[in-house]
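Quick caveat, the model's predicted, so the values are computed rather than measured.
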Amino acid sequence: MSKPETVSEPAGATAGAGRRALDPQLRALESESIHILRETVAEFRRPVLLYSIGKDSSVLLHLALKAFYPAKPPFPLLHVDTAWKFRDMIRFRDATAARLELDLIVHVNDEGVKRGISPIASGSALHTQVMKTEALRQALTLHGFDAAIGGARRDEERSRAKERIFSHRSAGHGWDPKNQRPEMWQLYNTRLAPGESMRVFPLSNWTELDVWRYILLEGIPVVPLYFAAPRPVVRRSGTWIMVDDERLPLEPGEMPEPRAVRFRTLGCYPLTGAIESAAASVAEIVSELEASRTSERQGRLIDHDGASMERKKREGYF
Amino acid sequence: MDTAAPSAATATAAGRTRLRLLTCGSVDDGKSTLIGRLLYDIGCLADDHAAALAKDSARGSAGGDLDFALLLDGLEAEREQGITIDVAYRHFASARRAFIVADAPGHEQYTRNMATGASNSELAVILCDARKGVLPQTRRHSCINALLGIKHVVLVVNKMDLVGYDQAVFERIAADYRRFVDKLKFASVAAIPLSARFGDNVARRSVNMPWYEGPAFLELLETLEADPPAEGQPFRMPIQWVNRPNQDFRGYAGTVARGRVRPGDPVAVAHSGVRTRIARIVTAGGDLAEARAGDAVVLVLESEIDASRGDMLAAAEAPPPVTDQFAAHLIWFADEPMLAGRRYIIKAGTKTALASITSVKHRLDIESLGHAAARELHKNDIGLCNISVSEPLALDPYDENRATGSFVLIDRFTNATAGAGMVEFPLRRASNIHRQETDVDKAARAALMHQKPACLWFTGLSGAGKSTIANLTERKLHALGRHTYLLDGDNLRHGLNRDLGFLATDRVENMRRAAEVAKLMIDAGLIVLVALISPFRAERQMARETMGPGEFVEIHVDAPIEICRRRDPKGLYRKADAGGLANFTGIDSPYEPPEDPEVVLRSAERSADDLSNDLVAHLRGRGIL
Ligand SMILES: Nc1nc2c(ncn2[C@@H]2O[C@H](COP(=O)(O)OP(=O)(O)O)[C@@H](O)[C@H]2O)c(=O)[nH]1
């Protein structure tokens with residue numbers, strides 16, 4: 001690993017003034033995640049943190065700042081940009097990297113762009129395949145990363161529930177769910193053959209509610225799209241799609257209307273449904289979640305596009 | 001008890017950590033149904049999941065009733081086969097507590113998944129079918145849980161609806177079970193009669209079984225007091241990573257594995273015994289006054305000492321045993337059997353080294369809890385073994401502390417996690433047997449003979465020509481004035497290796513001894529020729545590592561098996577083909593050809609004399625001659 005540099009102010013400074021003590025449950029989760037991050041740095045040649053700008057990435061980054069304090073996280077951040085992210089996400093990404101003086105790599109699948117791939121023209125399945133799955137594989141190969149740290153949680157989706165914390169990928173970045181390494185205690189088998197790589201999921205044991213409670217108690221900044229505000233939306237497939245720029249073609253009779261909505265997950269804007277909500281602060285989100293009866297991926301159109309998450313993961317999707 | 005309005009906030013307000021539990025049972029006992037039902041009854045099921053469930057159920061086997069098992073069976077392949085085949089982790093919270101459930105499979109060959117789930121759980125839920133009672137699987141699972149240090153078990157007697165909610169059936173099964181687990185020393189054992197499908201005694205007490213006076217399943221989970229970490233435990237922290245951002249700061253990052261630590265406490269580096277004190281406990285949120293087991297911290301020491309990843313910081317007055325030989329229970333996961341004498345990678349705490357099993361004391365017979373003699377462990381076997389490691393490890397007995405008493409073994413060639421172990425006790429202190437230094441050394445002995453010692457290791461099928469070529473080569477080296485010795489596999493079996501047969505374990509030991517003798521001869525300054533089938537890659541690698549760099553020359557005497565069979569100089573192929581010779585290499589025992597040998601001699605293409613000339617030329621090229 002490259003020599004870590006010091007950060008001049010405590011990493012916890014991002015946490016701001018409003019910090020409160022963690023309860024035992026969150027403390028245990030935080031310690032476990034820090035342990036995993038340190039293990040990754042100690043055992044791999046060239047790790048990278050997959051920074052997707054969402055709340056999970058924000059928590060992951062915060063944990064990385066803590067894990068290596070007073071040194072800086074000894075790995076770069078990688079954002080696989082599909083060119084269809086919300087504008088607010090990109091602004092937040094660049095501001096975060098600048099504020100924390102982090103090494104941020106942005107990768108776009110140029111070939112996909114040239115082929116004119118987009119969620120509108122190509123449909124969500126092809127767009128995801130080319131601009132996310134293939135793009136990620138490209139970036140990992142290009143930079144020779146042997147461990148990619150991601151923010152996926154086991155409570156998100158059924159096939160994730162069986163994912164390992166250190167999840168092995170073949171030389172072609174494929175995942176073989178039948179042949180996973182058993183994970184005993186906190187002893188992780190990190191050995192790789194040439195060309196193989198590892199996906200590492202430090203947030204495996206967190207739930208969506210844990211993530212929000214942690215953001216609240218630690219004062220972690222997140223993209224404003226998570227908070228309810230009047231936004232121009234149209235109704236599609238039972239969910240609200242935000243008209244984030246002029247690239248979204250409107251169907252006949254469709255008129256963007258301002259509505260108080262927020263997002264539970266963030267992705268490509270034409271594929272990410274908003275929910276109607278009045279929750280305008282982290283504390284309100286936590287209370288809303290405690291009363292909620294729908295799962296967070298419900299708003300994700302790509303999870304309902306036919307290819308199961310498991311199949312996407314076998315092909316190298318995160 | 002109000003289960004209708006779950007709130008994780010209330011659960012955590014109680015200040016409790018999540019209860020980690022594991023469900024196990026035979027296939028179709030209803031594990032998935034039980035957990036699915038529980039989630040549904042306490043309202044933890046998101047509406048969209050419930051809708052998806054209703055849709056899936058309509059297609060599935062439950063004939064339109066909600067099939068709760070579908071909630072948990074995540075992977076496509078297993079859903080097609082209708083079985084759960086891997087560990088899945090599920091989170092949920094009731095009004096009183098939050099839980100993580102590891103769902104472990106019932107299939108016998110998937111013991112490893114259950115052990116995985118158990119290694120991080122506090123409570124095991126063991127299911128059985130009321131119609132079938134306690135099965136061998138039930139016993140097996142209980143035993144694995146006990147071995148992995150689970151202290152609390154709940155026996156769920158499921159499908160009571162199918163036996164008319166009969167009290168006598170339940171009591172008989174519960175009594176059977178208690179008789180069996182008595183020997184396993186659990187801290188608590190509960191039994192509940194239940195119907196997962198209809199929800200009897202799942203989230204609420206059943207009206208169908210008024211005779212049962214105990215708690216419903218949920219109530220039991222909510223009220224179980226998992227043991228608090230014992231106070232007064234000695235401090236341990238394996239060093240994960242040295243945090244050294246600049247010249248002024250040096251901290252040791254790690255997770256406290258046992259006990260607690262405060263600034264000022266005297267600590268020692270377990271391996272070197274060097275003592276110092278804790279100066280600071282650093283975290284990003286500020287220095288701490290105390291860190292306890294489970295906390296991830298950075299420790300700054302009062303004096304600069306030499307320590308790095310793999311070392312352990314420990315309470316100075318109560319350091320762990322540091323040992324290079326210990327006894328441990330081993331659970332075997334790999335398809336390839338565990339062979340005594342073979343080397344594996346061992347990972348214990350943050351330390352990685354090489355380990356080999358020196359002997360299997362016994363295999364555990366899970367059903368009778370008895371001991372069976374064994375020399376190998378196969379997939380899913382559990383055995384008590386003596387293990388020796390290339391570098392001393394700091395280890396506690398597993399029943400004193402999981403984190404510092406556990407290890408995994410990794411196959412060096414496939415990188416698969418081959419087994420997991422739980423330390424019983426150290427066999428000796430690492431420092432007891434010293435290596436005696438001698439004044440005349442290898443270099444001095446070799447100089448007197450004017451030669452460079454080396455080991456020429458001939459490997460190949462029986463009849464490939466190893467002995468013939470080795471013999472010719474030795475003659476030529478001898479004629480050149482070199483001091484040599486030829487160790488021939490057949491000859492060794494008349495003496496040193498007389499006690500060994502041809503099973504895989506025997507072959508491993510055969511190779512180990514040949515390598516050790518060759519090493520002594522190299523030390524004596526000789527050029528040693530070893531002609532040995534040596535069929536396994538792992539042991540040839542071991543032999544290579546036994547010698548110094550450049551001393552080991554692997555020579556693959558390569559001939560197609562058909563040619564070897566035609567030559568059949570000792571008539572062995574004829575016997576083996578007739579079934580008169582078991583475990584014959586190339587026939588019913590594998591030969592793993594070298595992947596990257598120094599020399600390949602194709603004996604089907606050229607004469608033995610030519611090949612030995614080639615070899616001599618090669619040795620010149622390498623600077624050995
Ligand atoms: N009658 C009855 N059937 C049950 C009960 N629990 C589970 N089953 C059925 O038993 C079968 C296997 O259940 P499942 O939960 O998939 O078992 P697993 O393999 O242990 O996860 C399914 O068809 C269930 O509907 C029960 O309490 N009563």
Side-chain angles (χ1 to χ4, degrees), chain A residues 4-6 10-12 15 19 23-28 30-32 34-35 38-39 41-42 65-72 154-155 157-162 177-178 180-189 191-193 204-205 207 209 213 286-287 290 292-295 298 308 310-311, chain B residues 7-9 12 15-18 43 46-49 72-77 85-91 98 100 112-113 115-116 119-120 240-241 243-246 249 251 253-255 282-286 294-296 298 309 333 345 347-348 350 402-403 406-408 410 415-417 420:
Chain A
E5 304 157 43
T6 326
R19 280 185 53 171
D23 52 68
Q25 184 165 313
L26 285 178
R27 232 174 71 177
E30 179 188 71
S31 280
E32 182 188 55
I34 288 178
H35 181 86
R38 289 172 174 169
E39 203 63 12
V41 160
L65 293 169
K66 286 191 142 188
F68 303 101
Y69 175 83
K72 256 187 165 174
R154 285 173 177 154
D155 83 326
E157 199 269 344
R158 283 195 290 204
S159 83
R160 295 244 192 247
K162 310 200 170 195
K178 281 281 183 60
Q180 300 199 75
R181 293 174 177 174
E183 265 173 7
M184 303 285 294
W185 305 288
Q186 290 204 33
L187 292 174
Y188 303 109
N189 175 354
R191 314 243 344 149
L192 297 175
S204 287
N205 290 325
T207 63
L209 185 57
R213 290 180 50 241
V286 169
S287 342
E290 283 175 345
S292 160
R293 293 189 44 96
T294 53
S295 69
Q298 185 207 25
S308 78
E310 184 192 343
R311 191 167 311 136
Chain B
S7 156
T12 49
R16 275 195 279 203
T17 54
R18 288 200 163 93
D47 287 342
D48 53 322
H49 284 168
L72 297 207
D73 291 350
L75 297 179
E76 278 170 14
I85 55 164
D86 203 304
V87 204
Y89 297 89
R90 187 79 29 191
H91 290 76
I100 299 185
R112 65 176 220 175
N113 297 326
T116 305
S119 75
N120 287 316
Q240 237 186 331
W241 187 71
N243 194 331
R244 195 126 204 246
N246 55 46
F249 187 92
T255 303
V282 176
T283 73
D295 292 343
V298 172
R309 178 171 169 88
F333 298 143
I345 295 163
K347 190 168 179 189
T350 57
R402 284 189 190 188
S406 54
F407 60 91
V408 292
I410 298 169
N415 285 335
T417 303

Among A/Gln186, A/Arg38, A/Arg27, A/Glu183, residue most engaged with chain B (heavy-atom pairs, under 4.5 Å): A/Arg38
For chain B, the option from A/Val286, A/Ile34, A/Asn205 that forms the most heavy-atom pairs under 4.5 Å: A/Asn205
Contacts of type salt bridge (Lys or Arg N to Asp or Glu O under 4.0 Å), residue B/Arg309, not counting sequence neighbours: A/Glu39, A/Glu43
Pick from B/Gly294, B/Ser406, B/Ala420 with the largest number of heavy-atom pairs that fall under 4.5 Å of chain A: B/Ser406
Option in B/Asp295, B/Val408, B/Val298 with maximal non-hydrogen atom pairs under 4.5 Å from chain A: B/Asp295
Pairwise distance CZ(B/Phe407) to CG(A/Leu187) - rounded to 0.5 angstrom: 10.0 Å
Region of B/Ala348 in contact with chain A, defined by heavy-atom distances below 4.5 Å: backbone
Side chain, backbone, both or neither of [X] within contact of chain B (heavy atoms, under 4.5 Å):
X: A/Leu192; value: backbone
X: A/Ser204; value: backbone
X: A/Glu30; value: neither

Minimum heavy-atom distance between A/Val41 and B/Trp241, given as atom pair plus value: CG1-NE1, 3.3 Å
Residue list, side-chain contact (heavy atoms from CB on, under 4.5 Å) with B/Ser119, at least two apart or on another chain: A/Met184, A/Trp185, B/Leu148
